[in-house]
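Worksheet: one structure, shown below.
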Amino acid sequence: MTLAYAVHPGGALTGRVRVPGDKSISHRSIMLGSIARGTTRITGFLEGEDALATAQIFRALGVRIEGPDSGEVTVHGVGMHALRAPHRVLDCGNSGTSMRLIAGLLAAQPFDAELDGDASLRRRPMRRIADPLALMGARIETGEGGRPPLRIRGNPELSAIEYALPVASAQVKSALLLAAMYAKGTTRITEPAPTRDHTERMLAALGYAIRRIGATVELAGGGELRATAIEVPADISSAAFFMVGASIAAGSDITLEHVGMNPTRTGVIAILRLMGADLAVANEREGGGEPVADVRVRAAALRGVEIPERLVPLAIDEFPALFVAAACARGRTVLRGAAELRVKESDRIQVMADGLAALGARATPTADGIMIEGGALGGGAVESHGDHRVAMALAMAGLAASAPIVIRDCANVATSFPGFVDLARQAGLRIREDRA
Ligand code: S3P
């Protein structure tokens with residue numbers, strides 16, 4: 001069965017909406033809760049396929065996990081050294097975060113394991129973790145071209161490394177930090193630009209000593225984690241679709257509640273503001289070691305901008321939505337320094353350029369970015385290529401389009417945003433699901 005979205009043009013986004021829990025934090029809450037001592041109670045957990053894949057993997061590694069039930073999960077942590085050898089291949093589904101982070105953890109265990117995933121994940125680069133982990137003593141065999149599956153021969157005798165990340169990637173940083181907890185010595189990882197720091201924050205919350213000195217994060221092996229309560233904020237990456245939708249749809253006035261506002265994730269707000277968006281951040285507070293706030297978004301006349309390169313890692317998952325904003329803005333938007341977008345769940349530069357072109361926009365892909373001339377959007381049929389964020393971004397384009405849009409291959413929206421269609425429809429998007 002295939003799932004398509006049919007979006008009727010027009011409408012506006014209004015009301016108050018809480019989008020599902022943060023995907024990155026949900027993954028980490030299972031991973032770290034599993035190897036902590038004691039019981040971790042998680043609230044606000046994302047019940048999306050990616051985070052559920054992580055939970056299934058830890059169950060296969062011998063961890064008792066209850067839920068999720070209305071966002072509540074209980075993880076009965078086994079401590080640092082009691083994961084069990086799995087009896088089957090560990091299926092990461094569509095989730096790069098599951099594969100890369102869990103590979104770091106498994107590299108240090110006294111047993112072997114194999115990680116695999118769906119067709120999209122099987123196209124994604126894994127040498128970026130396999131190579132630095134090998135420097136620590138890990139034995140990871142990749143599939144052809146450095147892609148999944150990953151066959152990991154566990155080695156409990158890893159050694160610390162000092163490593164400068166060649167790409168700004170929180171997944172690589174986190175894989176190394178997970179391995180480093182088991183390694184002899186102090187591991188130091190230097191980032192070329194700041195990336196999301198949820199792993200570091202959660203490690204600290206669970207009592208593991210971790211230090212940041214400028215662009216370097218350092219951690220000594222041999223420590224322990226103590227279970228604690230983890231509250232997952234709403235995912236700013238999911239909220240981003242509503243931020244863009246409300247910005248481009250005249251008459252919109254929507255409030256997104258309890259959104260994670262970690263400064264390593266708020267690039268989308270900075271970029272939309274540069275474009276002239278009307279975003280008001282209120283009720284800022286702290287929840288579970290992460291800043292959260294409510295974000296009110298009203299329609300505004302957007303203008304094209306040159307996106308500052310330093311903001312790219314801070315908005316890395318929000319570019320499909322931002323490209324839709326750019327297509328509805330006055331003037332040209334230019335993105336550079338974002339080659340990473342080509343190795344996400346799809347080649348987001350090419351796939352979005354094709355999608356926007358099908359809707360009548362002028363979008364020119366470049367090696368490491370895109371140029372988009374703002375203007376009017378028509379309608380038409382577009383392909384999401386099974387990429388959840390492409391599907392949701394193109395759905396929001398319907399708010400500013402002059403004719404219906406059909407988006408094909410949308411089932412993977414459930415990886416990060418279960419209930420997207422219902423929530424978007426409640427807010428005012430004229431969207432319908434078509435199953436064939
Ligand atoms: C993630 C990091 C990002 C992001 C992904 C989730 C994470 O990937 O695109 O959706 O949870 O660490 P990179 O760090 O590889 O850019």
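Because the structure is predicted, anything quoted here is derived from the model rather than measured.
E200 and K173 are joined by a salt bridge, as a carboxylate oxygen and a charged side-chain nitrogen come within less than 4.0 angstrom of each other. A salt bridge between D197 and R201 is present, with a side-chain N of the basic residue lying under 4.0 Å from a carboxylate O of the acidic one. With respect to E141 and R151, a salt bridge is recorded, a charged nitrogen being found less than 4.0 Å from a carboxylate O. Between R342 and D347, at least one side-chain nitrogen of the basic residue sits less than 4.0 Å from a carboxylate oxygen of the acidic one, meeting the salt-bridge criterion.
Between F323 and R348, the closest heavy-atom pair is CE1-O, 4.1 Å. The two residues G337 and D368 come nearest to each other via the heavy atoms N-OD2, 2.9 Å. Shown here for V297 and S247, the closest heavy-atom pair between the two residues is CG1-OG, 3.6 Å. Closest approach of G369 to I349, counting heavy atoms only: O-CG2, 3.2 Å. Contact record, S252 with G245: OG-O, 4.3 Å, taken as the closest heavy-atom pair. The two residues L311 and A270 make their nearest non-hydrogen contact at CD1-CB, 4.0 Å.
Here the side chain of R139 pairs a donor or acceptor atom with the backbone of G154 at under 3.5 angstrom. Remark: side-chain polar atoms of N412 are paired, donor with acceptor, to backbone N or O of G386 under 3.5 angstrom. Although no hydrogens or angles enter the test, the distance criterion places a donor-acceptor pair under 3.5 Å between the side chain of Q109 and the main chain of L105. Using modelled atom types, one side-chain atom of E47 and one backbone atom of G71 make a donor-acceptor pair closer than 3.5 Å. Side-chain atoms of T333 come within 3.5 Å of backbone atoms of V305 as a donor-acceptor pair (strictly under, hydrogens ignored). Checking side-chain atoms of R212 against main-chain N and O of G214 turns up a donor-acceptor pair under 3.5 Å.
Within the structure, the salt bridge (Lys or Arg N to Asp or Glu O under 4.0 Å) test picks out the following pairs touching residues 233-248 (sequence neighbours left out): D235-R265. For residues 238-251, there are no salt bridge (Lys or Arg N to Asp or Glu O under 4.0 Å) pairs, not counting sequence neighbours. Listed by first and then second residue, the side chain to side chain donor-acceptor pair (under 3.5 Å) pairs involving residues 51-66 are H27-T54, T54-S98, Q56-R59, E66-H76 (not counting sequence neighbours). The list of salt bridge (Lys or Arg N to Asp or Glu O under 4.0 Å) pairs with a residue in residues 393-419, not counting sequence neighbours, reads E383-R408. Applying the side chain to side chain donor-acceptor pair (under 3.5 Å) test to pairs two or more places apart or on separate chains, those with a residue in residues 266-284 are N283-D294.
Looking at E345, M99, R147 one by one, the single match for side chain to side chain contact (heavy atoms under 4.5 Å, CB included) with R124 turns out to be E345.
For the pair T187/L177, no side-chain contact is recorded, criterion being any heavy-atom separation below 4.5 Å from C-beta on. Counting heavy atoms from C-beta on, the side chains of I248 and V324 come closer than 4.5 Å. Using a 4.5 Å heavy-atom threshold, the side chains of F417 and M392 count as touching.
In this structure D91 satisfies the salt bridge (Lys or Arg N to Asp or Glu O under 4.0 Å) test with no other residue, sequence neighbours excluded. Under the side-chain contact (heavy atoms from CB on, under 4.5 Å) criterion, A6 pairs with R432, D434, not counting sequence neighbours. Under the rule for a side-chain contact (heavy atoms from CB on, under 4.5 Å), the partners of I316 that lie at least two apart in sequence or sit in another chain are R196, V312, E340, L341, K344. P404 is linked by a side-chain contact (heavy atoms from CB on, under 4.5 Å) to P9, counting only residues two or more places apart in sequence or in another chain. Applying the salt bridge (Lys or Arg N to Asp or Glu O under 4.0 Å) criterion to E318, with sequence neighbours excluded, gives no partner residue. Under the rule for a side-chain contact (heavy atoms from CB on, under 4.5 Å), the partners of A329 that lie at least two apart in sequence or sit in another chain are M275, L302. Residues meeting the side-chain hydrogen bond (donor to acceptor under 3.5 Å, both in side chains) test with R296, sequence neighbours left out: D253.
One distance of note links CD1 of I152 with CG of L106; it measures 5.0 Å at 0.5 Å rounding.
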side-chain contact (heavy atoms from CB on, under 4.5 Å), that's the test. Do L61 and S34 meet it? Break it down for me.
CA-CA 9 Å; L61 294 169; S34 290; over 6 Å; no
Apply side-chain contact (heavy atoms from CB on, under 4.5 Å) to R16 and E257, showing your working.
CA-CA 7 Å; R16 299 182 74 85; E257 295 177 337; 2.6 Å; yes
Would L101 and I129 satisfy side-chain contact (heavy atoms from CB on, under 4.5 Å), going step by step from the backbone distance to the final call?
CA-CA 9 Å; L101 272 61; I129 52 146; over 6 Å; no
One pair to check against side-chain contact (heavy atoms from CB on, under 4.5 Å): V343 and R128. What are the steps and the verdict?
CA-CA 12 Å; V343 292; R128 54 180 57 200; 3.9 Å; yes
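Between the side chains of Q350 and D354, at least one donor N or O sits under 3.5 Å from an acceptor N or O. Donor-acceptor pairing under 3.5 Å is recorded for the side chains of Q171 and T97.
Atom CD of E286 is surrounded by more than 12 heavy atoms from other residues, nucleotides or ligands within 6.0 Å.
Using the six-membered ring where Trp is involved, F420 and F241 have ring planes that are perpendicular, over 60° apart on the 30 and 60° scheme.
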